[in-house]
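Each chain gets a letter, A, B and so on, in the order the sequences are listed, and its residues count up from 1. The shown structure was predicted, so the numbers you read here are calculated from the model rather than taken from an experiment.
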Amino acid sequence: MEEKTIQSNFIRNIVINDLETGKHNKIITRFPPEPNGYLHIGHAKAITLNFELADEFNGETNLRFDDTNPEKEEEEYVRSIIEDVSWLGFDWERLLYASDYFDEMYERAILLIKKGKAYVDELSSDEIREYRGTLTEPGKESPFRNRPIEESLTLFQEMKEGKHPDGSMVLRAKIDMTSPNMNMRDPVIYRIIHADHHNTGDKWCIYPMYDYAHPLEDAIEGITHSLCTLEFEDHRPLYDWVVRECEMESIPRQIEFARLNITNTVMSKRKLKVLVEEGIVDSWDDPRMPTISGLRRRGYTPEAIKNFCRAIGISKTNSVVDQQMLEHFIREDLKLKAPRTMAVLRPLKVVITNYPKDQVELLEAENNPDNPEMGVRTIPFSREIYIEQEDFMENPPKKYFRLFPGNEVRLKNAYFIKCNKVIKDEEGNVVELHCTYDPETKSGTGFTGRKVKGTIHWVEASQAIPAEIRLYEPLILDEEEQEDKDFLENINSNSLEILEGFVEPNMVDVKPQDKFQFFRHGYFNVDPKHTTKEKITFNRIVSLKSSFKL
RNA sequence: UGGGGUAUCGCCAAGUCGGUAAGGCACCAGACUUUGACUCUGGCAUUCGUAGGUUCGAGUCCUGCUACCCCAGCCA
């Protein structure tokens, strides 16, 4: 169920204009993750934007790893990012790495030095910081700023050859130490890092900084529209400076948009990492995580995620999208896709006293009333069944349509039953119900003799399959207006609830990632990690909406 | 107190040359219902941060305020 209703947004308008005016005949975008962590739904927003924008206008999109810092990046992340982007259903034109361009970047740096636009600085990092000035005070020029070009050339060569230790010197762009834009105060563009790179091994011991590397990567690939998040707005003058001074032929345009925030969760890599490291969740793909892998394990589909990304729009406003919006799109997608089945999460045994002992009859049930093509299945029915604890109340309030003493309800796909007797344990807890059924009310016979207000789900007791069912709630509690509060103080300690319930016997052969609608409960996914031959574990993706209030 | 941004319904978000406020989520009411689900119908901004100005007419133009976000990594 993909809805490709294209929503207008300011970036798309820019593209349309660029195409109409002939500035570009074809657009090329890119998704440039740094392979230093797992992708989350915020990345999905950027991925969807880049790929679909190019696709709409017959352009191309590259997947490019921005691997300019070997100390933080790993092959494992490259693998997971590729997996996630593919899973979302996007095909890149080219799979590239910033490290593919290290040679060219080095040559362009030499060009800058020769033009007097860059110099090797031997100030320490602390000194560089001091010389940089502050937000309100201009910086000072480094004593090395005006050293001879030949000297910088030699030193830069030596940096590359590994003749100098980490931190001893850097290559800086020579721009303006008094600029009100801190990024223009002679930014460092190359630093020495003696570390193995996942792609280039030990070939290099100097690595370009983002602000220098990124515009070159874009220009080299012929990227026309380089989309990034708001915090890079201040970097745009530097981006343009690099493209211009390095004399790149292709001129990419950087355009910034707001990153995604969703209520009741966290989105930064840093915070997600804390959740994993503090053991608040058990891994990056924990079903409570907003990571692509977490959402996948929870049971979200690529279509739902993409529809969500399309629906939230693109703008420059800092915003927080209601998490209910995400839930809406998975419900919508699974409505027609997920077969219905009955599962009892908190079992209460019911004995149907007038039903013959030792009789088991097979009943027919629709797999999806909203999608008849999904066919029917048969389910067993007998004298003993389980129903949901919350579907019975001994002393119900008004408007309680479910089972209570003397009341009659419909068992979905089976018969009407009436509750006659409540069995309790010593502590007064209801442990069993005795009911009677009416053979004339069998589902599918067209019985119209009388109506009942409630229909409840059930599972036949002797053949029911025990299953583990995991219910999730948001990781983060609704925040009150408390600034500077550590997000860990708002952690929802009840974000996971594990239940032992029963599912229909025909669930024996489910496979990991199979999705179902548990009748009257919500949508569930077969967990790929916890499910074993002995026991199936289901993750609740999302509950059904409900207007029922006790 | 420097620079860069943003302010349209509870939450997202469209709003071409100024012409008299799309849509989605949420919510409320009703209909339907073998899911208190779905679906359907109706309701949800006389108003676009605020104060002025220009104009026959301004969310869209001008001016002044206000609030919030980002920037002082040899991170991206």
Side-chain angles (χ1 to χ4, degrees), chain A residues 5 7-10 13 32-34 36 66 68-69 71-73 121 123-125 128-130 132-139 166-172 179-185 187-193 206-207 209-211 213-214 228-237 256 258 260 263 269 307-308 310-329 331-332 335-336 340 342 365-366 369-370 399-402 409-414 416 441 443-444 451-457 517-522 543-549:
Chain A
T5 8
Q7 214 182 83
S8 178
N9 68 62
F10 77 100
N13 291 342
E34 180 187 16
N36 71 340
D66 215 350
T68 56
N69 187 345
E71 290 183 315
K72 296 189 174 178
E73 296 145 8
D121 195 352
L123 249 29
S124 68
S125 59
I128 287 181
R129 189 182 331 113
E130 286 163 23
R132 188 152 35 222
T134 68
L135 294 177
T136 52
E137 300 160 25
D166 290 11
S168 58
M169 53 185 71
V170 294
L171 183 69
R172 288 232 255 171
S179 172
N181 181 344
M182 301 293 284
N183 296 302
M184 300 300 270
R185 319 241 265 227
V188 172
I189 59 178
Y190 262 97
R191 75 288 213 190
I192 301 171
I193 302 176
I206 56 171
Y207 292 90
M209 296 285 288
Y210 169 88
D211 281 322
H214 208 87
C228 65
T229 45
L230 254 26
E231 65 271 26
F232 290 104
E233 275 182 309
D234 286 344
H235 297 240
R236 196 183 336 126
E256 312 83 15
L260 172 64
T263 59
K269 263 180 206 171
N307 285 336
F308 169 78
R310 292 166 187 140
I312 56 176
I314 301 295
S315 75
K316 299 188 72 159
T317 316
N318 284 310
S319 59
V320 185
V321 177
D322 194 322
Q323 130 270 342
Q324 287 181 108
M325 181 96 83
L326 219 205
E327 297 184 343
H328 165 78
F329 285 99
R331 286 193 189 101
E332 179 189 71
K335 183 175 69 176
L336 298 180
R340 260 107 258 223
M342 294 194 283
E366 282 181 296
D370 293 323
K399 294 230 182 162
Y400 184 80
F401 305 149
R402 283 109 97 142
V409 300
R410 182 197 303 275
L411 290 177
K412 173 73 178 172
N413 294 128
F416 286 8
T441 59
S443 287
K451 296 202 169 193
V452 286
K453 282 292 275 182
T455 297
I456 64 173
H457 60 276
Q517 184 199 91
F518 285 180
F519 202 75
R520 298 206 306 137
H521 277 303
S543 68
L544 252 25
K545 293 214 292 184
S546 172
S547 57
F548 175 64
K549 303 172 196 78

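- Here B/rC48 sits opposite no nucleotide as a Watson-Crick or G-U wobble pair (both hydrogen-bonding atom distances under 3.5 Å).
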Find every protein N or O atom lying less than 3.5 Å from an N or O atom of nucleotides 16-19 of chain B, and list the pairs.
none

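- Whole-Å rounding puts the A/Asp66 CG to B/rA76 C1' distance at 7 Å.
- Comparing atom distances between the A/Lys399 side chain and each of B/rG36, B/rC38, B/rA72 picks out B/rG36 as nearest.
- A/Ile128 places a side-chain heavy atom less than 4.5 Å from the side chain of A/Val170.
- B/rU6 and B/rC61 have their P atoms separated by 13 Å, with the value rounded to a whole Å.
- A centroid separation of less than 6.0 Å is found between the aromatic rings of A/His457 and A/His521.
- Nearest nucleotide to the side chain of A/Ser8, out of B/rG24, B/rG15, B/rC74: B/rG15.
- When heavy atoms are screened at a 4.0 angstrom cut-off, A/Gly444 is found touching base atoms of the nucleic acid.
- Across all strands shown, nothing is found opposite B/rA58 as a Watson-Crick or G-U wobble partner with both distances under 3.5 Å.
- The C1' atoms of B/rU66 and B/rA72 are separated by 27 Å, rounded to the nearest whole Å.
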Could you walk me through whether A/Gln7 and A/Arg310 satisfy the side-chain contact (heavy atoms from CB on, under 4.5 Å) test, starting with their C-alpha distance in whole Å, then the side-chain angles of each, then the deciding distance to 0.1 Å, before giving a yes or no? CA-CA 7 Å; A/Gln7 214 182 83; A/Arg310 292 166 187 140; over 6 Å; no
Name the pairs: protein N/O against N/O of nucleotides 65-69 of chain B, kept only if under 3.5 Å.
from	atom 1	to	atom 2	distance (Å)
B/rC69	O2'	A/Asn318	ND2	3.3

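- When Watson-Crick and G-U wobble pairs are counted only if both distances are under 3.5 Å, B/rU66 pairs with B/rA7.
- Side-chain contact between A/Arg340 and A/Asp370 is present, with at least one heavy-atom pair separated by less than 4.5 Å.
- Residues A/Met184 and A/Pro237 are in side-chain contact: their nearest non-hydrogen atoms beyond the backbone lie under 4.5 Å apart.
- With distances taken from any side-chain atom of A/Ser547 to the nucleotides B/rA72, B/rG36, B/rA76, the minimum falls on B/rG36.
- B/rG4 and B/rU55 have their C1' atoms separated by 33 Å, given to the nearest Å.
- In this entry B/rA29 has B/rU41 as its Watson-Crick or G-U wobble partner, both defining distances falling under 3.5 Å.
- Closest contact between the side chain of A/Pro180 and the listed nucleotides B/rC74, B/rG3, B/rC71 involves B/rG3.
- Under the 3.5 Å distance criterion, the side-chain polar atoms of A/Arg191 are left unmatched by any main-chain donor or acceptor of A/Gly167.
- Using a distance-only test at 3.5 Å, with no hydrogens or angles considered, no donor-acceptor pair links the side chain of A/Glu137 to the main chain of A/Gly133.
- On a pure distance criterion of 3.5 Å, a polar donor-acceptor pair joins the side chain of A/Gln517 and the base of B/rU35.
- As a whole-Å value, the separation of A/Arg331 CZ from B/rU39 C1' is 15 Å.
- Between the side chain of A/Thr68 and the backbone N or O of A/Tyr210 there is no donor-acceptor pair closer than 3.5 Å.
- Looking at A/Thr455 and A/Val409, their side chains never come closer than 4.5 Å, going by heavy atoms from C-beta outward.
- Taking only distance into account, the side chain of A/Asp234 meets the base of B/rG3 through a donor-acceptor pair shorter than 3.5 Å.
- Under 4.0 Å is where a charged nitrogen must lie from a carboxylate oxygen, and between A/Lys316 and A/Glu256 at least one such pair does.
- On the C1' atoms, B/rC28 is 8 Å away from B/rC44, given to the nearest whole Å.
- Out of B/rA26, B/rA76, B/rA72, the shortest distance to the side chain of A/Gln324 is found at B/rA26.
- Here the nucleotide nearest the side chain of A/Phe329, chosen from B/rC74, B/rG36, B/rG24, is B/rG24.
- Across all strands shown, B/rC75 forms no Watson-Crick or G-U wobble pair with both distances under 3.5 Å.
- In terms of position along RNA chain B, the nucleotide closest to A/Asn413 lies nearer the 5' end than the nucleotide closest to the other residue of the pair A/Lys72 and A/Asn413.
- Residue A/Asp370 places its side chain closer to B/rA37 than to any other of B/rA37, B/rA76, B/rG36.
- Here the side chain of A/Arg331 pairs a donor or acceptor atom with the backbone of A/Ser543 at under 3.5 angstrom.
- For A/His235, counting side-chain heavy atoms from C-beta on, the closest listed nucleotide (B/rA76, B/rA14, B/rA7) is B/rA76.
- Glycosidic conformation, B/rG4: anti, with the torsion outside 90° of 0.
- Taking atom CD of A/Glu73 as the reference point, atom P of B/rC75 lies 11 Å away to the nearest angstrom.
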Under-3.5 Å N/O pairs linking protein and nucleotides 20-23 of chain B:
none

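- Side chain of A/His328, nearest nucleotide from B/rA76, B/rG2, B/rG24: B/rG24.
- Between A/Asp211 atom CG and B/rA72 atom C1' the separation is 14 Å, expressed in whole Å.
- Of all nucleotides present, none satisfies the Watson-Crick or G-U wobble test against B/rA13 with each distance under 3.5 Å.
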Please lay out, stage by stage, how A/Leu123 and A/Glu130 fare under the test side-chain contact (heavy atoms from CB on, under 4.5 Å). CA-CA 10 Å; A/Leu123 249 29; A/Glu130 286 163 23; over 6 Å; no
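- Taking the side chain of A/Lys412 as heavy atoms from C-beta on, and the options B/rU34, B/rG36, B/rU35, the nearest nucleotide is B/rU34.
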Would you check, one step at a time, whether the test side-chain contact (heavy atoms from CB on, under 4.5 Å) holds for A/Phe308 with A/Leu260? CA-CA 11 Å; A/Phe308 169 78; A/Leu260 172 64; 3.9 Å; yes
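- Side chain of A/Asn181 to backbone of A/Asp234: a donor-acceptor contact under 3.5 angstrom is found.
- Between the side chain of A/Ser443 and the base of B/rU34, a donor-acceptor pair under 3.5 Å is found.
- Using atom C1' as the reference point in both B/rC48 and B/rC12, the two lie 16 Å apart (nearest Å).
- Going from the P atom of B/rA67 to that of B/rA29 covers 39 Å, rounded to whole Å.
- Heavy-atom nearest nucleotides on RNA chain B were determined for A/Val188 and for A/Lys545, and the one closer to the 5' end corresponds to A/Lys545.
- A cation-pi geometry, defined here as NZ or CZ lying under 6.0 Å from the six-membered ring centre and within 45° of its normal, holds between A/Arg402 and A/Phe548.
- Under 3.5 Å, the side chain of A/Arg402 and the base of B/rG36 form at least one donor-acceptor pair of N or O atoms.
- Remark: the separation of the C1' atoms in B/rG30 and B/rG36 is 15 Å, to the nearest Å.
- Look at the C1' atom in both B/rU33 and B/rC38: the space between them is 9 Å, to the nearest Å.
- As rounded to whole Å, 11 Å separates atom P of B/rG3 from atom CG of A/Asn181.
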